[in-house]
Amino acid sequence: MEDNLKRIVSEATRLCRERGQKVDPNVAAYVASLEDARGVLERIAPGMTLEAHLPAEVVAAMGEHVAALAVDAKDPRLKTAQMQILMEVAYKQQRELIEKEQGEQAERTGMLQRAVTGPRALKGNTPDAYDKFYRLVVEAVCVEAGMDLAVQDPAANAEVRAALESVFPVSAVARFLTLPEEERLGQLSELARITTGICLYNRSLGVGGSALPAAAASYLPQSQRLLRDIARCTADVADQFAKLQALVAKLPPPPPAADPAPVAAEGSEGAEAAPAAPADPDEARRRQLNAEVLNRGQALQLFEALKADLQEGLAAAEQLDAELEGTVALVHETVGNAAAVSKDAVYPLFDRLGALHTGLHQELRMLVVRQRLYDELSELSAVPPGSVLAPPPSAGAKRTATTSTSTGSGASSRTGSAGAAAGGPGSAAAAANALAEQLSESTLTALDGLQNAQGDGAAGAEGGDAGGLGGLEYIRSPSDRELQPGLALSGFCPGTLARGAAGGCPLLQRANPKLGYLAYKDQVYGFATNADMRAMMDGPAELLAAVGAAVAREPLLARLLGLPPARPTADVHAIMQAMSGPLKVDFGCQTLVHVMERHIDKSYEWNVWALRRRALALANLRGKATHSTQTNESHFKRENETQVWKPREATSQTKATKGQAMPRKLQYVAGLRGAPDVKMNVVRLELDLGQPHQH
């Protein structure tokens, strides 16, 4: 898959470059995977998939198809795909950035800790050596506590040192060095937390705290401001989503599906090409509106996910801040006006203050990440050009005002006009919608029976999927305005998706919290109308199978609904992993074939006086001569060579070469073995061999 995907993306990128267009490789790869999930690759080359090796001609055809889709700025599906893949890329980049920062912080902290706790931490036994070691301890405490300002600012460094000396004076350095390395590491971390707690206590008294990084004082206002911005964007997107739903409701119902047998007989190409260009204008508009509904639904899901994440972080920060304020108050109560306080009473409180402040500082770093993600999402979730939601080009102030009023009037005016066009009053349509958003008598009766079955206990648990209500559990909504967090399908109605798949166009619709929820197989589902909930109660497995069919027909729904992709090749994480390596793109340039020769003399001079000056200079040069003079300084720079005769090699030889050796003395014991009457004797020999007279 990875090789085929890179080849297709390389071909699409090359074509876009030749046309002067810019395309993101991740977007091109995701579009190629989605088109493969839609069956485009099967139509181009029957029997071929991204898992098998693709021929060059298939890669070229698929690259041409992807290049044509990836640059269509007016396609809502392309904008949806960009939101899905680029937001995941943004999440990955921010995650890698945090990991890099944490790695650098851990590396710096570890280096200082090794310098403090190493075997050669104290170099010498002089006061200067002890002062240098203590400055190193102060730096290690500042870095571990996140007070980087105290490393550079002398005033902040003096404040941290004073706080540290109240806990760990210079006189305690000698005893500190006698501890094992593991115990010194633990005490160093504890010192960092206690020092941070003392600085926090001093700041509460108004006498310090300049070395502390901004925590709750800056986090809470910034996060609340960001939460308001996200909530505003979520409301805007939800309003756009409702307007598109109203426009879809105005269209006439789709015609009944044709007999699939004749369509299948025409071949796969005709079967896939027919939906691409519907002849019915209403059908084309329905497809366009559903594509825009999908785009707005994806934007709504991303904004809601970011909002829920920020709310969770804000709740954690408020809890940490409240606990920190309570701990500071407890420290004030413990210390009071006393001149001396027991260490066992106040040190644990300072330690807790430092830990809480570190947690708040981490939340502040996450706030920066969420702000970047919000900026990225705000840019990606803009209304596509050419959308029905986009304001038309202005032709005057009056026309713009009229268009904005008619566009922003909401679903009520459109619903009323739709009712008038259908021949019925608008109040009848509103009454029908109100009835659809209420549970009918039969549904209430079935829910009562379901709750009675749940009260029985074992019968409901062992029933499994037997019957229409088997495995279902009704959950009442705690709020009539907001959806319960953690809903399956990202809070969209499964019944609407199933009906859209049966009608040929998947349609998204948010669940209505007034109806309550149904739990099935550890998942909680919400429903838009009473009929959708009744369909779930009649056959949950069949309804969810229809939702799976809708996802198979439109692969973009998988990411939106939180479901696995229709094909493994369409998984966003797999695509990002495949595109993480280098991408090679073949790109050539062409020179001119017929180059016109230019007969231009670069040395031509048109000025006669310039020619005369050049001629006089040449004539003057002809009358000059070159002279050289030898001086004492140049003599020493001259290269001189001298040749000498080497001495002749001479040898002499004497008449004979003689040597002399000392006599060789040997000694051994005889008579150690043999008959009993044999006596032991010591034998001594002296061998005089190799003397000159013997040669």
Side-chain angles (χ1 to χ4, degrees), residues 1-13 15-16 21-38 40-41 50 62-63 65-97 237 291-306 309 369-370 372-385 490 508 551-552 554-583 585:
M1 168 200 169
E2 181 177 349
D3 181 60
N4 290 329
L5 201 57
K6 284 189 174 182
R7 291 167 63 198
I8 293 173
V9 173
S10 176
E11 180 67 18
T13 306
L15 292 174
C16 291
Q21 299 166 338
K22 186 178 180 180
V23 62
D24 190 281
N26 292 301
V27 175
Y30 192 40
V31 170
S33 302
L34 293 174
E35 292 301 302
D36 174 55
R38 291 191 181 102
V40 175
L41 182 59
L50 287 178
M62 194 66 181
H65 181 72
V66 172
L69 292 178
V71 296
D72 188 4
K74 295 184 178 181
D75 188 6
R77 284 186 171 85
L78 175 63
K79 295 298 182 181
T80 306
Q82 288 178 347
M83 266 194 290
Q84 292 181 354
I85 185 68
L86 293 183
M87 281 304 297
E88 194 63 33
V89 170
Y91 274 106
K92 180 182 177 182
Q93 291 176 350
Q94 296 302 322
R95 184 167 55 250
E96 291 176 351
L97 183 61
V237 174
E292 295 189 18
V293 165
L294 183 61
N295 179 268
R296 295 296 88 192
Q298 181 63 68
L300 182 60
Q301 186 266 334
L302 290 174
F303 273 117
E304 287 181 344
L306 188 59
D309 183 41
V369 173
R370 296 184 182 105
R372 294 171 183 169
L373 293 175
Y374 167 71
D375 296 338
E376 183 75 16
L377 181 56
S378 299
E379 182 179 354
L380 292 174
S381 62
V383 177
S490 301
L508 291 173
V551 173
E554 180 51 74
L556 285 172
L557 285 172
R559 186 76 181 169
L560 169 60
L561 301 176
L563 298 176
R567 292 189 183 182
T569 55
D571 184 38
V572 173
H573 299 284
I575 294 171
M576 293 172 56
Q577 180 67 25
M579 299 302 297
S580 59
L583 180 65
V585 180

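All of these numbers come straight from a predicted model, not from anything done at the bench.
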Original post:
Knowing that exactly one of Ile8, Thr13, Leu15 qualifies, which makes a side-chain contact (heavy atoms from CB on, under 4.5 Å) with Glu11?
Top reply: Leu15
Subject >> Any side-chain donor near an acceptor of the partner, Glu304 and Gln301, under 3.5 Å >> reply: no
Original post:
With sequence neighbours left out, what residues match Asp309 under salt bridge (Lys or Arg N to Asp or Glu O under 4.0 Å)?
Top reply: Arg370
Original post:
Does a side-chain heavy-atom distance below 4.5 Å link Met83 with Asn295?
Top reply: yes
Subject >> Between CZ on residue Arg77 and CD on residue Gln82, distance to nearest 0.5 Å >> reply: 14.5 Å
**OP:** State, to 0.1 Å, how close Pro565 and Ala558 come at their nearest heavy-atom pair, and which atoms those are.
**Re:** CA-CB, 3.8 Å
**OP:** Work out which heavy atom in Leu294 is nearest to a heavy atom in Glu554; give both atom names and the distance.
**Re:** CD2-CG, 3.9 Å
Original post:
Atom CE in Met62, atom CG in Asp36: separation rounded to 0.5 Å?
Top reply: 6.0 Å
Original post:
If every non-hydrogen atom of Pro568 is compared with every non-hydrogen atom of Ala574, which pair is closest and at what distance?
Top reply: O-CB, 4.4 Å
Original post:
Rounded to the nearest 0.5 Å, how far does CG of Asn26 lie from NZ of Lys92?
Top reply: 8.0 Å
Original post:
Between the side chain of Gln84 and the main-chain N/O of Leu556, is any donor-acceptor distance below 3.5 Å?
Top reply: yes
Subject >> Heavy-atom closest contact (Val66 atom, Ala28 atom, distance) >> reply: CG1-O, 3.6 Å
Original post:
Are Lys79 and Gln298 close enough that some pair of their side-chain heavy atoms sits under 4.5 Å apart?
Top reply: no
Original post:
Looking at side-chain heavy atoms only, is the closest gap between Leu508 and Leu557 below 4.5 Å?
Top reply: yes
Original post:
Lys74 versus Pro384: any side-chain heavy-atom pair under 4.5 Å?
Top reply: no
Original post:
Hey, are the side chains of Asp75 and Thr80 touching, using non-hydrogen atoms and a 4.5 Å cut-off?
Top reply: no
Original post:
Between Arg372 and Leu97, does a side-chain contact (heavy atoms from CB on, under 4.5 Å) hold up when you go through it step by step?
Top reply: CA-CA 12 Å; Arg372 294 171 183 169; Leu97 183 61; 2.9 Å; yes
Original post:
Residues in salt bridge (Lys or Arg N to Asp or Glu O under 4.0 Å) with Arg559, at least two apart?
Top reply: Glu88
Original post:
Does any N or O in the side chain of Ser381 come within less than 3.5 Å of the main-chain N or O of Ala299, such that one atom is a donor and the other an acceptor?
Top reply: no
Original post:
Are Val31 and Val27 close enough that some pair of their side-chain heavy atoms sits under 4.5 Å apart?
Top reply: yes
Subject >> salt bridge (Lys or Arg N to Asp or Glu O under 4.0 Å) involving Glu376 - partner list, sequence neighbours excluded >> reply: none
Original post:
Which pair of heavy atoms, one from Met576 and one from Ile85, lies closest together, and at what distance?
Top reply: CG-CD1, 3.9 Å
Subject >> From Leu373 atom CG to Ser378 atom OG, the distance as rounded to the nearest 0.5 Å >> reply: 10.5 Å
**OP:** First locate atom CG of Leu377, then atom CG of Leu86, and finally report the distance between them rounded to the nearest 0.5 Å.
**Re:** 11.0 Å
**OP:** Taking the side chain as every heavy atom from C-beta outward, state whether Arg296 and Val383 have any atom pair closer than 4.5 Å.
**Re:** yes
Subject >> Minimum heavy-atom distance between Ala570 and Ser33, given as atom pair plus value >> reply: CA-CB, 3.9 Å
